[in-house]
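For reference, positions follow the sequence shown, starting with 1.
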Amino acid sequence: MNIKKIIFILGLTLSWGCQAKTINDSLFITDHIDKLVFDDCDACGCAAGNGSSGFESLLNPQFIGIKYFAQHYKAKENLFVKDLTQDQYFNTLQVWGKIPLTEKLSVYASLPFHFHEKRTMQGDININGIGDLNLMGIYRILSSKDNFHQLNGGLGVKIPLGKFDEKGASGVNPSFQLGTGSWDYQAALNYKFQKNKLAVLVNTDYTVKTENKKNYRFGNQWNYAATGFYQLAGNEKTIFSAKAGLQGEVYDKNKQFDEVLPKTAGSALYGKLGFEASYKKFSLGGEVMLPVYSNLASRDIEAKSRFSVFINFGI
């Protein structure tokens with residue numbers, strides 16, 4: 001089933017859900033204020049492949065879970081091919097969790113397993129293995145007395161556990177990797193407005209990437225997103241919410257031996273549509289994303305689609 005059919009079916013499902021009887025419950029579990037999760041970049045590297053899967057999960061303030069994230073790109077085969085004929089698929093299955101240390105401070109961690117594929121005229125190329133470990137501290141900077149407004153900040157580090165292939169970095173898409181091979185550092189901000197059945201999240205983060213042992217440095221990255229949530233149904237045990245929004249990414253140029261590499265910078269903007277649901281301590285969510293704008297690697301790479309789904313267990 002192609003991605004446009006998935007969005008169409010999901011849209012019909014959400015439209016049907018909007019007809020559900022209204023309830024008096026607020027959009028989220030009122031016993032918990034901090035429901036924001038800063039997520040890492042699931043793949044690695046630069047332009048294509050380092051897409052963020054989003055930064056928020058609203059239904060569990062503390063959890064452990066599993067998430068699947070898929071990305072599809074089109075790329076040039078080589079310098080002598082004009083058309084974008086090569087399909088590239090970035091797939092990530094990650095274990096993640098968020099544990100509170102104090103009322104305002106939490107620790108977030110994720111460990112991904114990547115299985116990537118690119119289809120070339122010479123045959124398919126596959127790589128798979130463990131990715132880079134991400135750790136982040138999340139601090140609630142402020143929260144209004146009525147709990148309508150909340151601002152969270154995060155500082156994180158990516159530990160290079162994934163394999164970096166220097167030969168692979170010389171291809172059209174240098175980020176066809178399991179890891180960057182470098183220690184990278186992230187700062188993030190997350191603002192939430194929540195009232196009754198409506199919530200709006202605005203996220204931004206910046207990742208500083210350092211040079212790895214192969215003297216290769218992926219370009220720094222800026223992510224930003226705005227997402228709206230609306231509760232369609234719910235009671236004391238169950239909540240179902242729809243979400244929609246925009247998400248963008250900007251990538252700086254890569255360097256090797258401190259020399260700037262051409263056609264390694266870029267930017268992309270996606271529209272997204274999804275849902276989140278919870279039952280007791282379990283929560284389930286998913287979203288599909290399609291590009292509104294794509295200018296990656298001087299248009300040698302084109303963003304096509306993304307899909308993610310997660311299941312979490314509250315602890």
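Not a single side chain to side chain contact (heavy atoms under 4.5 Å, CB included) links Glu259 to another residue, sequence neighbours left out. With sequence neighbours excluded, the residues satisfying side chain to side chain contact (heavy atoms under 4.5 Å, CB included) with Leu101 are Leu105, Val107. Partners of Phe113 by side chain to side chain contact (heavy atoms under 4.5 Å, CB included), not counting sequence neighbours, listed by chain and number: Phe115, Asn128. Partners of Trp222 according to the ring-ring contact (aromatic ring centres under 6.0 Å, His included) rule, which considers only residues two or more places apart in sequence or in another chain, are Tyr224. Partners of Ala70 by side chain to side chain contact (heavy atoms under 4.5 Å, CB included), not counting sequence neighbours, listed by chain and number: Tyr68, Asn91.
Between the OH atom in Tyr270 and the OG atom in Ser305 there is a gap of 8.0 Å [rounded to 0.5 Å]. A distance of 7.0 Å separates CD of Glu211 from CG of Asp258, quoted to the nearest 0.5 Å. We find the OG-NZ distance between Ser308 and Lys272 to be 8.5 Å, quoted to the nearest 0.5 Å. Atom OG in Ser283 sits 7.5 Å away from atom CD1 in Ile311 (nearest 0.5 Å). Note that OG1 of Thr227 and CD of Glu287 are 7.0 Å apart. Values are rounded to the nearest 0.5 Å. Remark: Thr264 OG1 to Asp300 CG distance equals 11.0 Å, nearest 0.5 Å.
Apart from Val95 itself, the hydrophobic cluster it occupies contains nothing, where clustering links Ile, Leu, Val, Met, Phe, Trp and Tyr at side-chain heavy-atom distances under 4.5 Å. Cluster partners of Phe257, using a side-chain heavy-atom cutoff of under 4.5 Å among ILVMFWY residues and allowing indirect links: none. Counting Ile, Leu, Val, Met, Phe, Trp and Tyr side chains that sit under 4.5 Å apart, directly or through other members, Leu111 shares a hydrophobic cluster with Ile130, Leu133, Leu135, Val157, Ile159, Leu161, Trp183, Tyr185.
Ala297 and Lys263 get closest at one heavy-atom pair: CB-O, 3.3 Å. In this structure, Asn312 and Gly65 approach most closely via the heavy-atom pair OD1-CA, 3.3 Å. Of all the heavy atoms in Phe240 and Ala277, the pair that sits closest is CD1-CB, 3.7 Å. Nearest heavy-atom pair across Ala242 and Leu232 is CB-CD1, 3.9 Å. Between Lys253 and Leu261, the shortest heavy-atom distance links the atoms CB-O, 4.3 Å. Here the shortest heavy-atom pairing between Gln94 and Pro112 reads CB-CA, 3.7 Å.
Criterion: ILVMFWY side-chain heavy atoms under 4.5 Å apart, direct or through other members. Under it, Phe275 and Tyr230 are part of a common hydrophobic cluster. Taking hydrophobic clusters as Ile, Leu, Val, Met, Phe, Trp and Tyr residues chained together by side-chain heavy-atom distances below 4.5 Å, Phe282 shares a cluster with Ile99. Val208 and Val260 fall into different hydrophobic clusters, where Ile, Leu, Val, Met, Phe, Trp and Tyr side chains are chained together by heavy-atom contacts under 4.5 Å. Residue Tyr89 is not grouped with residue Phe69 when hydrophobic side chains (ILVMFWY) are merged at heavy-atom distances under 4.5 angstrom, including chains of intermediate members.
Counting only distance, with no hydrogens or angles, the side chain of Glu302 and the backbone of Leu84 share no donor-acceptor pair below 3.5 Å. Remark: the backbone N or O of Thr180 is paired with a side-chain donor or acceptor of Asn212 at under 3.5 angstrom. Under a 3.5 Å cut-off, the side chain of Asn235 and the backbone N or O of Lys237 do form a donor-acceptor pair. Remark: side-chain polar atoms of Arg306 are not paired, donor with acceptor, to backbone N or O of Pro291 under 3.5 angstrom. Checked by atom type and distance alone, the side chain of Asp205 never pairs as donor or acceptor with a backbone atom of Gln186 at under 3.5 Å.
Within 6.0 Å of NZ in Lys255 there are 12 or fewer heavy atoms belonging to other residues, nucleotides or ligands.
Tyr73 has its side chain out of reach of Val172: every pair of non-hydrogen atoms, C-beta onward, lies at least 4.5 Å apart. The shortest distance between side-chain heavy atoms of Lys67 and Val309 does not fall below 4.5 Å. Using a 4.5 Å cut-off on side-chain heavy atoms (C-beta onward), Gln256 and Asn254 make no contact. For the pair Leu155/Tyr139, no side-chain contact is recorded, criterion being any heavy-atom separation below 4.5 Å from C-beta on. Between Gln247 and Asn223, every side-chain heavy-atom pair lies at or beyond the 4.5 Å cut-off. Using a 4.5 Å cut-off on side-chain heavy atoms (C-beta onward), Asn173 and Leu296 make no contact. A heavy-atom distance below 4.5 Å is not found between the side chains of Gln194 and Leu201. Ser182 has its side chain out of reach of Pro160: every pair of non-hydrogen atoms, C-beta onward, lies at least 4.5 Å apart.
Legend: salt bridge (Lys or Arg N to Asp or Glu O under 4.0 Å) pairs involving residues 110-131, not counting sequence neighbours, sorted by first then second residue: Glu117-Arg119. For residues 214-225, no pair satisfies salt bridge (Lys or Arg N to Asp or Glu O under 4.0 Å), with sequence neighbours left out. Here ring-ring contact (aromatic ring centres under 6.0 Å, His included) pairs that include residues 193-214, with residues two or more places apart or in two chains, are His149-Phe193. Applying the salt bridge (Lys or Arg N to Asp or Glu O under 4.0 Å) test to residues at least two apart or on different chains, the pairs with a partner in residues 165-190 are Lys158-Asp184.
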side-chain contact (heavy atoms from CB on, under 4.5 Å) evaluation trace for His114 with Ile127: CA-CA 8 Å; His114 301 302; Ile127 57 174; over 6 Å; no

Audit row: Thr85, Asp83, side chain to side chain donor-acceptor pair (under 3.5 Å) steps and yes/no: CA-CA 6 Å; Thr85 58; Asp83 297 328; over 6 Å; no

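Note: Trp96 and Phe310 have perpendicular aromatic rings, judged against thresholds of 30 and 60 degrees for the angle between ring planes.
Checked against Arg140 for a side-chain contact (heavy atoms from CB on, under 4.5 Å), the options Thr102, Asn152, Asn190, Leu151 give a single hit: Asn152.
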